[in-house]
**Student:** 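Just passing along the structure, written as structure tokens.
Order of the sequence lines sets the chain letters (A, B, ...), proteins ahead of strands, with each chain counted from 1.
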Protein chains: 2
Amino acid sequence: MRSETEADEPGKGAARDGRRSGRQVATVPKTTEQTTTPVPQRLLAAATRLFAEQGYDRTSVQEIVEAAGVTKGALYHYFGSKDDLLHEIYARVLRLQQERLDAHAEADEPVEKRLRDAAADVVVTSIENLDDGQIFFRSMHHLSPEKNKQVRAERRRYHERFRALVEEGQTAGVFSSATPADLVVDYHFGSVHHLSTWYRPNGPLTPQQVADHLADLLLRALRP
Amino acid sequence: MRSETEADEPGKGAARDGRRSGRQVATVPKTTEQTTTPVPQRLLAAATRLFAEQGYDRTSVQEIVEAAGVTKGALYHYFGSKDDLLHEIYARVLRLQQERLDAHAEADEPVEKRLRDAAADVVVTSIENLDDGQIFFRSMHHLSPEKNKQVRAERRRYHERFRALVEEGQTAGVFSSATPADLVVDYHFGSVHHLSTWYRPNGPLTPQQVADHLADLLLRALRP
DNA sequence: GGCGCCATACCGACTGGTTAGTCTGCTGCC
DNA sequence: GGCAGCAGACTAACCAGTCGGTATGGCGCC
């Protein structure tokens, strides 16, 4: 375990660009580019795209490092294994969504609005990170057992938080109690999960419009 | 999970014992027995289970043939490739669900009931074939391009049929038109797709109960 | 203000293991 | 005697991970 990839801010300075090397591999555009993206992030980005396109197993480490413009040495310098890459992708999206859900859930608003906002927000961020979602739901089983367990635990936290919102509304009587809250949550996240199958960025609907529609469907289903 | 000789009826094979090998694996009764499940079906069943458990890529054809009690020769006698196996699994579930949807859609009932029945039925059959669903949504990208295209086309047919039901109700005014029918369909199938991630056969709800709840959510969301 | 020393960041050939698919051949039935 | 239905050794390809090697910049010390 030696992935200390965090803590890297995108870069602070101006056109600093230390004379890289004699043999350059992929030559990141050096012309007045203010930040050459750090290698770990390039690797993660390349892996995300390739995993989403071809699947985890169909993507060789060689392809990833080529897409990132480095070599295997670099990858194994920053990550312990191919599996680590996948885990890092999961951790990133989980962190993001948990933060946003917490923010919405704690807002000082009526529960209907909090739920609607949270439900719509997860749709928007899911669309903005369609690749992550694709990988998430398609490749979970490629994670090592411990990592899988860890990811599941965090997912459960997320699920619980969301469910609590639904239950709060049900108890308060503003939502129908006809359906168990658990099922309601799974119903909604099914549609989120499903987004990467049908949503196309150049389609007729903007992410926000889709989000509004899906949140609306949820709230309508919950009308008493 | 070494399953060598199980699941088959003990072959009552008489004296027949090639001097070549002392280890034979499954001993299918060769004496004009017509009932032991045919090899192709055994292979399909084994592949379905293993693909669902471990994923397509993580399952070697060696594992499949061992689970089916045959050898590679048999598999490649009946199927052109590992890919073919996957395609066959898809084709089977697609055929089944299309048939059932058609039956519901054509029934002589008010549109609300037809939609509710169809929506609930797809949930029940999906639960009854959780493995197929898991494979379907997780491994589509492993299909060869042409096969993938074919499967997509059939899926679209299915989607269209379902959408037509929603639109019929919207036009008739019994369903709200607030949400485009396409989105409504994707919303519902998202939850179906998602079933394999959370539904557990030994959980508190029967397949029918889950189906009723999910169909109910759909119909409630469509209330004018 | 130069010098040795080392850590960091990366390179890329190599290894050991795995796998899909092939091919030759056996065997019991018609 | 011919053929469907299979057995199972074999091969060619591939791939995750390793490891010895190289360039660069910082730092203490004289």
**Student:** Using whole Å, what does the distance between atom C1' of nucleotide dT22(C) and atom CZ of F79(B) come to?
**Tutor:**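 Roughly 18 Å, once rounded to whole Å.
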
**Student:** By nearest heavy atom, map G73(A) and E63(A) onto DNA chain D; which one lands nearer the 5' end?
**Tutor:** E63(A)

**Student:** How many Å lie between CD on E66(B) and P on dG8(D), as a whole number?
**Tutor:**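 Distance check: E66(B) CD to dG8(D) P gives 11 Å.
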
**Student:** Over how many whole Å does the gap from Y56(B) atom OH to dT19(C) atom C1' extend?
**Tutor:** 12 Å

**Student:** Starting from C1' on dG20(D), measure out to NE2 on H77(A) and report it in whole angstrom.
**Tutor:** 16 Å

**Student:** Taking atom types as modelled and ignoring hydrogens, do the side chains of N148(B) and H141(B) form a donor-acceptor contact shorter than 3.5 angstrom?
**Tutor:** no

**Student:** Would you mind reading off the distance between K82(B) atom NZ and dT18(C) atom P, rounded to a whole angstrom?
**Tutor:** 15 Å

**Student:** Under a 4.5 Å cut-off applied to non-hydrogen side-chain atoms, are E160(B) and V185(B) in contact?
**Tutor:**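 Not touching, per the 4.5 Å side-chain cut-off.
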
**Student:** Establish, for the pair K82(A) and F51(A), whether the NZ or CZ atom is under 6.0 angstrom from the six-membered ring centre and no further than 45 degrees off its axis.
**Tutor:**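 No.
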
**Student:** Base of dA7(D), side chain of K72(B) - is there a donor-acceptor contact under 3.5 Å?
**Tutor:** no

**Student:** In whole Å, I'd like the distance from the CD atom of Q62(B) to the C1' atom of dT22(C).
**Tutor:** 14 Å

**Student:** Whether R163(A) and D182(A) form a salt bridge (side-chain N of Lys/Arg under 4.0 Å from carboxylate O of Asp/Glu) is what I want to check.
**Tutor:**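 Looking at D182(A) and R163(A), the cut-off is met.
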
**Student:** What's the closest nucleotide to the side chain of A74(B) if the choices are dG17(D), dA16(D), dA7(D)?
**Tutor:**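 Nearest to the side-chain atoms of A74(B), counting from C-beta on, is dA7(D).
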
**Student:** Starting at CD1 of I64(B) and ending at C1' of dG21(C), how long is that distance when rounded to a whole Å?
**Tutor:** 13 Å

**Student:** Starting at atom CG of D57(A), determine the distance to atom P of dA13(D), rounded to an integer number of angstrom.
**Tutor:** 21 Å

**Student:** Nearest to the side chain of Y76(A) - dG17(D), dT22(C), dG5(D)?
**Tutor:**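 Among the listed nucleotides, the one closest to the side chain of Y76(A) is dG17(D).
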
